[in-house]
Structures are given as C-alpha cells and as structure tokens.
Amino acid sequence: MDLRLTARARLTIALSLPLIAVLPLHRSVAAQGPAPDAAQTRFVDDLIHRMTLEEKIGQMSQIALNTPDNTSAEAEVRAGHVGSFLFVTDPARIDHLQHVAVEQTRLHIPILFGFDVIHGFRTVYPVPLAMAASWDPEVPAKVQRMAAREASAAGVRWTFAPMVDIARDARWGRMMEGAGEDPFLGSRMAEAQVRGFQGTALSNPDSIVACVKHYAGYGAADGGRDYDSSNISDADLQNIYLPPFHAAERAGAGTFMPAYMDLNGVPAAGNHWLLRDVLKDQWHFQGFVVSDWDAVRNLVTHGFAKDDADAAARSANAGVDMEMTSHIFRDHLAALVKSGTVSQATVDEAVRRILTIKYRLGLFDHPYANPNNAAARMVTPEQRAEARKAGARTAVLLRNEGSVLPLKKSPGTVAVIGPLADSKVDIGGSWSLASHPADNVSVLEGLRRRFPSQPNAVRYSKGVEIERTQPSIFDDQFPEPPLTLHTEAEKHAAFQQAIDLVKSSDVAVLVLGELMSMSGEQAARSTLDLPGRQEELLEAAVATGKPVVLVLLNARPLAINWAAQHVPAILEAWYPGTEGGNAIADLLFGDAVPGGKLPVTFPRSVGQEPLFYARYLTMNPGNVGNMYWDGPSAPLYPFGFGLSYSTFTIADLKLSTPQINAGASLEVTVTVKNTGQYAADQVVQLYTHQRSGSASRPVRELKGFRRITLQPGESKPVTLTLDTHDLGFWSTATRAFAIEPGTFDLWVGDSSTSTANHATFEVTHP
Ligand code: NOJ
C-alpha cells in the first residue's frame with residue numbers, strides 16, 4: 001500500500017464515494033475572503049454526515065503533546081480523539097502521527113499541528129512589539145512569511161499568532177507579543193502578520209493558518225497582572241480593543257482564540273456576545289475558534305460555570321469550536337448533546353468550521369510535509385539575512401547626545417558590559433520555543449565579528465547578574481544559565497572589574513534590560529526599573545567619563561529616567577532574535593541607521609501606568625498641565641518617538657480639500673527632507689482630533705503613517721490618504737458607530753507630540 005496516499009484518496013477508497021473522486025486535487029482558496037466553493041462544502045458536509053458523535057468531538061479536541069512518548073498519543077489518534085496536537089515540532093514525530101491519523105483511523109482525517117510561531121520558528125525574528133516599532137507592515141509580513149516557511153517544512157500548519165491585544169500598561173508582560181498601544185498601528189500590524197503567515201492561499205504548502213488572539217481585551221488586565229480581569233467600557237472596546245481583531249478577520253485569518261480573562265465579568269471563553277454575536281454573526285467569521293490552554297475548564301475557576309459539564313456546554317454554546325488541552329469537551333459533550341443542552345447543530349457547525357480549515361490548508365490532499373528536508377530549510381542564509389535586516393529596522397534610537405553614534409569604524413578598544421551582552425538565550429525573546437539558542441548571535445559576538453583580526457579590540461565583562469525571584473513558564477525550555485556571583489565579595493569584584501574595563505577602553509557599550517523570561521506570559525512586573533543592580537552599573541560606567549552607549553534588550557517600556565538624562569546614547573533594540581548581535585553591530589557602526597519609532601509610550605515611573613498618548617482632554621484647573629503632586633504626568637518618551645543618525649524636516653502641509661463628505665477620502669501631503677549626513681528613514685505620522693461630537697474625543701489619534709528612505713539632502717513629497725471611515729467611532733451616547741460631522745484638527749509629524757504641521761478640516765454629511 002502506498003503510504004503516501006492522500007487522506008482524501010483513502011477516504012475515497014474506504015467509502016467508495018464517487019463524489020470525492022471527481023474533486024480536483026489542487027485548488028487555491030484565497031486567504032482573503034474565502035468564498036466557500038461548492039466542492040469544499042460538499043466534501044465537508046459529506047464527511048460530517050459520515051462521522052459519529054465521538055469522531056466529531058475528537059475533531060473538536062486539541063491535545064498538548066509535551067512528553068516524548070508517542071504511545072498514548074497514537075492510541076488517542078486511532079480512537080479518533082484528536083483533531084489537533086499542539087507543541088509537537090519535531091518533523092519526524094509530526095510525520096509519524098500524521099501517518100497514524102491518515103492511515104489508521106476510520107475516516108482518515110488529517111491532524112492539524114499547531115504551535116506558537118510568534119516571532120519565528122527555528123530562526124527567531126524581533127518580538128512582535130519590535131516589529132511594530134518598525135512602523136513598516138512589510139517587516140512583520142516578511143518575517144512571518146519566513147517563519148511560516150520553516151514551520152510548515154516541519155509539518156506545523158497552524159500558529160497561535162498574531163496576538164493583536166492593545167496594551168497600554170507596561171506592567172503587563174504580554175505587551176511584547178502585540179503591537180503596543182494604538183489600534184490603528186495595531187490593525188496594520190495585525191493584517192500584515194496574517195498576510196505573512198497565510199501567504200497568497202492557505203493551500204500553498206508553505207502557508208500556515210493564523211490564530212488571532214486573545215479575543216478580546218486581555219491587554220487591559222487590571223493592574224497589568226497577567227490573566228486578571230479586564231473591565232473595559234463599551235466605547236473603548238469598540239474603538240480601541242476590537243479594531244485590530246476585526247482587521248485581522250478581514251485580512252482572512254482562519255482561526256481565533258478567546259482570551260483567558262473575564263471581560264466585564266464574563267469569561268471570554270464562555271462569552272456568547274463576543275464569539276457568536278460579534279465574531280461569527282456580525283463579522284461573518286468563517287473560520288473556527290479554539291479556546292486557550294485549559295480555558296474551558298477554567299470557566300469553573302472563574303465562578304462562571306458550576307462544573308466541568310456546565311463549562312463544556314457554555315463554552316460550546318458560546319461559540320468555542322475546539323478545546324485546547326483540558327478534555328472537557330471529550331468528557332462531557334456527548335452526554336450534553338444527548339440531553340439537548342448542546343444541540344447537534346452546534347457540534348456539526350463547529351466540526352464544519354474545523355474541517356473546512358483543514359480542507360483549505362490542503363491537508364486532505366497533502367497531509368505530509370517531508371521530514372527529511374525540514375532541517376535543511378531552517379536557519380538558511382536567506383532567513384538569517386531577513387532576521388538581521390528586521391533586527392536593524394525595528395530598533396529605536398532614544399538618545400544620541402553629541403552624536404556618539406554611530407561609532408567610528410576603528411573605535412580603538414570597546415568595553416562590552418552587562419548581564420545580557422553575551423546571552424544567546426535572552427537576545428531571542430521568550431516566545432521562541434522551537435529555536436536553538438546556539439543559533440543566536442549575542443551582542444558581544446556581533447561586535448567581535450567586526451574585528452576578526454583584532455582579538456583585543458572588543459573586551460567583555462558582565463559586571464552584574466539579574467536575579468529572578470519567580471520561576472518562568474519558559475524555564476524548562478530555556479533555563480537561564482545559573483548565577484555565578486553569590487557572595488558580596490564576588491559581586492563587588494565583578495562590578496569593579498567591569499568598571500575597570502570601561503576605564504581602560506575608548507568606548508563602552510552597556511547591554512542592559514530584562515531577562516527574556518521577564519516578558520511574555522506570566523511575566524507581569526510591579527516596577528519598570530532596570531532589574532537588579534544594572535542601573536548602578538550604568539551610573540558607575542558613565543561616571544568614568546568614557547563615552548557610554550546603552551543598548552536595551554527588553555520588550556516593554558522601562559522607566560529609564562536617569563539614563564535619559566545622563567547616558568549619551570540609548571538604543572532600544574528590544575529582543576531582536578537570531579541575528580540580533582549582528583543587527584545591533586550594524587546599527588552601532590552605522591551600516592544601518594535606526595529608523596524605528598516607539599509603538600508604546602515610555603513612562604517616567606510605574607505609577608503613571610496605564611499611560612498612552614490618545615488620552616481624553618479634561619478639565620485642567622489653572623492650566624497646571626500636571627496631574628501628580630510628585631512628578632510630571634508627561635511621559636519620558638512619547639508614542640511615535642525615535643531618532644536617527646540623520647535629521648529631517650517635514651513641511652508644506654497640504655490638504656486636498658478643507659471640507660469633505662463623510663465616507664470620502666482626503667489626501668494629505670507634506671514634503672520630507674533629509675537634512676543630515678546619512679541615508680536614513682523617517683516615519684511620517686498623521687494624527688487627528690475631532691473637536692466636538694456626541695462623545696468626547698481623544699486628544700489625538702493616529703490615522704496614517706508611512707516609513708520612507710531618503711538620501712542626504714534628498715526631499716520627497718509624501719501623500720497619505722485619510723479615509724473618513726477611520727474618523728468614525730462608536731459613541732456611548734448613541735450606542736452606534738458613525739462618522740460624525742464636525743471640525744477636525746490634523747497634524748503630520750515625526751511623533752505623537754509634533755505640532756509643526758497643523759491644519760483643520762470639516763467633515764460634513766452629504
Ligand atoms: C497560553 C497562551 O495564553 C496562548 O497565547 C498560547 O497560544 C497557548 N498557551 C499555547 O501555548
């Protein structure tokens with residue numbers, strides 16, 4: 001028997017279905033707006049018709065396979081209990097289990113293998129917050145395409161990404177997985193990632209289906225504490241938190257994942273309004289919904305469902321089609337269908353959605369990847385080149401007093417200092433579970449590679465270590481190297497050695513920030529300071545009088561007030577991934593010029609959080625401008641901020657018309673000039689403010705942006721199209737979405753605070 005016979009062929013033989021036999025073997029279903037074709041519908045309906053209730057519930061079940069033993073997994077597959085596995089990434093293992101599913105089950109339905117391909121698979125790219133800092137949707141589109149190629153080569157055809165949660169509180173560690181604080185930027189990044197993962201058609205063998213998460217409002221967790229409740233007004237939900245989800249859905253994302261937390265008192269995994277009323281009915285989402293890990297069982301923990309059976313019923317009825325890991329569907333759905341608590345139609349609809357995605361992925365025709373080729377398709381020179389480029393495009397230059405950067409090509413001796421400088425683990429960022437840290441280039445390595453014939457040009461000393469007080473969920477996969485400095489004497493000696501090295505060098509590069517495990521899931525922080533004694537080390541390095549460059553590796557805003565005043569150069573490099581060390585070296589030596597901008601506001605202290613630019617104007621007695629007794633209310637660095645080695649002007653603001661009908665678009669043009677010495681990028685940003693309406697409007701809102709490259713002395717007109725649909729909002733007063741007529745302010749500049757180019761226009765109703 002031909003072991004490579006497709007699942008569809010097996011089904012044809014097993015059931016002698018002429019209907020199946022006449023279907024073409026290859027079809028391209030566009031990722032965007034998948035219109036169900038008749039053959040697809042017939043195929044899926046026919047399969048559902050032949051399935052037992054137990055087989056249907058099997059398709060609705062996803063099992064985590066995080067032990068090396070296949071025995072019980074195979075038995076589960078043969079029994080028809082598995083629609084999907086997560087956490088299997090070994091190509092040979094995937095191939096084996098897929099053969100079991102396709103060859104040894106009654107209906108030969110292939111398994112969908114899912115994994116968190118968040119910012120890379122084996123090759124790691126900058127974390128999603130960094131991708132957003134590129135302000136260039138082609139960056140996430142490109143790197144997620146590359147990630148999809150690697151994952152699909154292993155047989156993983158489903159990623160639990162993009163995370164599109166708007167996050168306005170830097171304490172929340174999962175901010176690193178999203179695009180930051182703004183719904184407009186977040187929507188563009190969400191669409192781009194879906195495009196990258198899913199490619200031009202899901203049926204392409206190198207496409208993987210996206211899962212948009214965590215629907216919805218996870219980023220507003222009370223106190224920034226992961227998993228804690230979110231309490232969001234209807235207006236903020238509609239205007240801020242839902243738009244990136246809707247954008248990703250419109251871009252054709254195949255699956256959605258509800259969040260863990262209670263949204264305004266109702267857990268997302270049992271939230272009928274979110275999953276059925278909005279997602280499936282209002283937005284006409286055609287894909288399927290998978291719960292988060294154990295989230296169905298957790299409906300009991302929430303005090304929402306009375307027991308596991310109730311949790312299964314409420315979750316399935318609310319619109320969860322597949323359950324991740326907790327077996328509650330498997331244990332209770334059959335009885336619930338028999339008792340009528342969950343209808344047969346609900347189960348059939350869930351299964352139809354799941355099988356349709358498997359069909360669109362081409363899994364019935366081509367269930368197997370080639371495990372023998374998989375390794376050769378990982379960390380190729382092409383992927384490394386993309387990772388390096390992305391690492392450079394995502395960095396944000398926060399300070400450069402006296403043009404310390406770029407460093408001279410022959411800088412004399414460089415002291416590389418800090419607990420993260422030689423870390424191959426931390427530079428990857430935390431959601432990189434299929435990566436091999438040995439592939440990664442640390443900052444020290446990247447800098448040393450520039451001076452191959454001068455072994456002493458770049459010297460390293462750690463100085464301090466970062467001690468974590470909590471275990472991390474990533475510890476099993478990526479244990480942090482054990483601490484080596486235990487006694488006070490050892491700590492003192494290491495500190496002193498680093499400072500002596502600074503003193504005896506021409507320039508110091510301090511690589512500080514957070515261990516990668518301090519951002520991501522279960523990684524909330526109650527302070528935003530540089531952890532441990534890093535700040536002390538920084539102050540001592542600056543006190544030597546040597547030029548100091550601070551390179552930050554982290555994935556949330558940090559309160560770096562002292563550095564912002566005293567360290568001449570600060571480069572926010574985020575967690576840049578496999579080629580991070582090379583990308584940072586390119587930036588420090590001017591082979592690449594920083595052009596990223598902050599996708600999130602940097603506060604002065606944790607007490608300012610949540611902090612974001614699109615706040616509402618409010619009463620301000622006496623115009624004090626400051627809302628705290630003990631410190632400024634203004635941020636340290638605003639949203640949209642970022643410097644360059646070059647300088648730019650943005651001028652000559654022109655609007656195509658001062659008055660526009662709601663529903664039409666306005667052309668906004670400025671001239672951007674590179675007035676400095678380097679070929680470099682500028683991000684032109686367009687903000688608006690509506691002066692009055694049925695509800696108060698934020699002080700500014702991003703409504704357009706473009707990143708452009710200019711040669712020294714070059715100037716270019718840049719036209720941004722402002723679609724008045726983007727000016728509409730959901731109003732608490734009218735409880736409806738509308739583009740309300742009125743006067744708008746408009747600014748075009750290089751950050752959310754720039755005032756240089758201002759105009760007004762009127763929106764009227766035709
Ligand atoms: C829990 C996380 O919340 C979710 O984002 C992730 O996709 C799943 N675990 C699977 O790893």
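Owing to the predicted nature of the structure, the values given are computational and were not obtained by experimental measurement. Whatever order the structure lists ligands and atoms in, that order sets their numbers, starting from 1.
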If we only count heavy atoms from C-beta on, is the Ile109 to Lys358 side-chain gap below 4.5 Å? yes

So do Thr601 and Pro557 actually touch side chain to side chain, heavy atoms under 4.5 Å? no

Mind checking whether [X] has a heavy atom under 4.0 Å from ligand 1?
X: Met257; answer: yes
X: Tyr260; answer: yes
X: Glu177; answer: no

If we count only N and O atoms by modelled type, under 3.5 Å, do the side chains of Gln286 and Thr356 hold a donor and an acceptor together? no

What are the atoms of ligand 1, with element, lying closer than 4.0 Å to any heavy atom of Arg174? 2 (C), 3 (O), 4 (C), 5 (O)

Go through ligand 1 atom by atom and flag the ones less than 4.0 Å from a non-hydrogen atom of Phe87. 11 (O)

Val351: which of Lys56, Glu55, Met322 passes side chain to side chain contact (heavy atoms under 4.5 Å, CB included): Lys56

Apply side chain to side chain contact (heavy atoms under 4.5 Å, CB included) to residues Arg168 and Ile240 and explain how you reach the verdict. CA-CA 11 Å; Arg168 297 178 154 193; Ile240 294 158; 3.6 Å; yes

Below the 3.5 angstrom mark, is there an N/O of [X], backbone or side chain, next to an N/O of ligand 1?
X: His214; value: yes
X: Trp293; value: no
X: Lys213; value: yes

Pair Phe288 + Trp158: ring centers closer than 6.0 Å: yes

Is the ring centre of Trp172 less than 6.0 Å from the ring centre of Tyr218? yes

If you scan protein heavy atoms around atom 10 (C) of ligand 1, the nearest is Asp116 OD2, 3.2 Å

Residue, atom and distance of the protein heavy atom nearest atom 1 (C) of ligand 1 read Asp292 OD1, 2.9 Å

